[in-house]
Amino acid sequence: MTFETFATAANIVFQAPVLLAILGGAVYGLFIGAIPGLTATMATALLVPLTFYLDPVPAIALIVSTTAMAITAGDIPGALLRIPGTPASAAYVDESYALTMKGKAETALSIGIFFSACGGLVGAVVLLVTGPLLAHVALMFSSFEFFWLAMLGLMTSALVSSSDPARGFISLLIGLLIATVGLDVTSGQPRFTFGSIDLMGGVSFIPVMIGMFAFAEVLRGFSANASFPPAPDTSRARPFHGMGHLLMRYPFSFLRGASLGTAVGALPGVGGDVAAWIAYGMSKRMSKTPEKFGTGHEEGLIEASTSNNAGLSSAWIPALVFGIPGDAVTAIAVGVLFMKGLNPGPRLFVENPSMPTAIIMTFFLANLLLFPIGYLAIKGARRVLSVPRGVIVPVVLACCILGSFAINNSTFDIGVMFVAGIVGYLLEENGFPIAPIILGLVLGPVLERNFIMSMQIANGDLLGFFDRPIAAVLGVIVCSLLILPIARATWRRVGRAKHPSTLSTHTSDHEQERNEHG
């Protein structure tokens, strides 16, 4: 990229219509993202009619800014009320809420917004510098690699979501079982629909997520052993205080989260949600203090939050370089670009290089805007904990019903939300984690579709999943995650079996010596 291209792009971006679009998108995204059930994809889709009246760069800037803030704002209800605003927030909602329960709501919110913005800036840099190269690598991924990547996300979630991995796997299997409801991927035959037309399209994970986290939290509030976060001291609000110290304390967590989010987000059809789950699991695996996870530990939050927006930025790599959407949001954006007469792809970088450069620059501005708007959001959001519970519960319940209905404009999804909430409450009361269920629902269709495609390509030979180099590496990692805990538990059981016999031998020797001397 030449200096002339950069200067032309900057001249396009730093104009009033583009800057107003970024600001308006950020405020709008903050409002949508903070309401459980109203996703960033929905917020972007609602903006499409407005983009008809905007030029290409302001239109894309509006989408970029809205998405960045909506994804980040999903951490706000998660930290304050244990209600994740987005699927990615569900990966670390328990950690964030545990920090709030310790009286550190401001820290939990600051980590979510500060490190999301930093991750987004890293992703934007990667998008600007190595976009075409990463897109080329992403195109090398086949169904085998996507299958192992989905398995990696599922395995890490099951292993780190609970102190008991067996319960985590059971929760994961429940999510995968729910994901099989609907039409069969290959034959199109109904599965587990029980004659219901509403179940033909499957069970939407948004109502299930709202039910298992939000409505279950409402039910838990009525229980006898309910505990609530302490009301914060609003007179000493210091958002982002201590974030520099955390960055210096956990630099590798930040770098791992940014790298993982960028790499996974660049894969078409994967997006940043999976990156957040894998990042949180990797953080616990590589941490020197894994026993602190689940108690309000900052390390896992930093890594997962960073990967969140880093994946969001890198999802635009295949969209801009090859015209292949990385996720649902970029699919909408690609449609807007085509509508404006700009066809994404390699020729766009050759024929009009200032235009994709200008689009990438809007990522920098959108993520930089997260800092001031996030600062104001933290100062206002932390006051939610001072509101009486009797006021919050009806509002949360109304948001649950609104968010569930808004997905498909169906009252059936409201029923799904209520059932999921009751099931989630009962499961959690008995020690079963909820997060793996949600991830099983999200990744279940991806896992099944790529497994069937891979089996068809390999003619039913399971060794075909290890034929390709990248697939082989991912496969070995997944198999190691599955085998190592079993081997470790077996080794400990064998050690315990040997230890008592050794003790009994020593005891008998001592008794014999005493008898001889006696």
Side-chain angles (χ1 to χ4, degrees), residues 78 82-84 87-99 101 150-181 203 205 208-217 219-220 223 225-227 273-274 276-287 289-297 299-301 304 419-444 447 477-493 496:
R82 198 175 172 266
I83 303 171
S89 303
Y92 47 92
V93 64
D94 288 330
E95 196 76 62
S96 181
Y97 188 68
L99 197 58
M101 291 293 289
M151 281 291 294
L152 182 61
L154 294 172
M155 292 292 297
T156 52
S157 168
L159 289 173
V160 306
S161 59
S162 172
S163 57
D164 185 0
R167 293 178 186 268
F169 275 110
I170 291 173
S171 295
L172 179 61
L173 291 176
I174 293 173
L176 290 174
L177 179 64
I178 299 173
T180 61
V181 176
V203 179
F205 72 89
V208 175
M209 185 181 75
I210 293 173
M212 288 196 166
F213 282 105
F215 185 59
E217 195 66 25
L219 295 177
R220 196 172 294 107
S223 63
N225 57 351
S227 58
D273 293 345
V274 179
W277 291 85
I278 297 177
Y280 183 74
M282 182 183 295
S283 180
K284 185 174 182 179
R285 282 283 170 183
M286 295 187 174
S287 174
T289 55
E291 69 279 357
K292 292 185 179 180
F293 280 69
T295 63
H297 191 38
E299 187 176 359
L301 288 177
V419 172
I422 295 171
V423 172
Y425 173 77
L426 295 175
L427 285 173
E428 208 159 28
E429 286 296 304
N430 289 280
F432 289 90
I434 301 301
I437 299 178
I438 305 302
L439 190 64
L441 263 172
V442 173
L443 289 184
L447 186 75
I477 294 173
V478 170
C479 292
S480 300
L481 286 174
L482 181 63
I483 295 172
L484 286 178
I486 300 174
R488 190 181 298 116
T490 306
W491 181 262
R492 288 176 180 172
R493 193 175 295 112
R496 290 194 195 100

Heavy-atom closest contact ([X] atom, [Y] atom, distance):
X: Gly421; Y: Phe215; value: CA-CD2, 3.7 Å
X: Leu301; Y: Leu99; value: CD1-CD2, 4.0 Å
X: Arg167; Y: Pro433; value: O-CD, 3.9 Å
X: Gly300; Y: Phe293; value: CA-CE2, 3.5 Å
X: Gly78; Y: Ser96; value: C-OG, 4.5 Å
X: Ala98; Y: Thr295; value: CB-C, 3.7 Å

State whether the side chain of Glu95 and the backbone N or O of His297 hold a donor-acceptor pair below 3.5 Å, judged by distance alone.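 Here the side-chain-to-backbone pair exists.
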So, the side chain of Ser171 versus the backbone of Phe432: is there a donor-acceptor pair under 3.5 Å, distance only?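 Looks like no, no N/O pair under 3.5 Å.
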Side-chain heavy atoms of Val93 within contact of Ile434, under 4.5 Å: no
Using side-chain heavy atoms (C-beta onward) and a distance below 4.5 Å, is Thr289 in contact with Glu291?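 Yes; the side chains approach each other to less than 4.5 Å.
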Spacing of [atom1] belonging to [X] relative to [atom2] belonging to [Y], to within rounding of 0.5 Å:
X: Ile477; Y: Met151; atom1: CD1; atom2: CE; answer: 13.0 Å
X: Leu173; Y: Ile437; atom1: CG; atom2: CD1; answer: 10.5 Å
X: Ile174; Y: Phe169; atom1: CD1; atom2: CZ; answer: 14.0 Å
X: Glu428; Y: Asp94; atom1: CD; atom2: CG; answer: 6.0 Å
X: Glu299; Y: Met286; atom1: CD; atom2: CE; answer: 11.0 Å

Using the test side-chain hydrogen bond (donor to acceptor under 3.5 Å, both in side chains), find all partners of Ser283 that sit at least two apart in sequence or belong to another chain.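 Ser283 satisfies side-chain hydrogen bond (donor to acceptor under 3.5 Å, both in side chains) with Glu303 once adjacent residues are dropped.
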Residues at least two apart in sequence or cross-chain that pass side chain to side chain contact (heavy atoms under 4.5 Å, CB included) with Val203, listed by chain then number, are Ile178, Val181, Leu199, Val208, Val416
The criterion is side chain to side chain contact (heavy atoms under 4.5 Å, CB included); which residues satisfy it with Ala179, sequence neighbours excluded? Leu441, Pro445
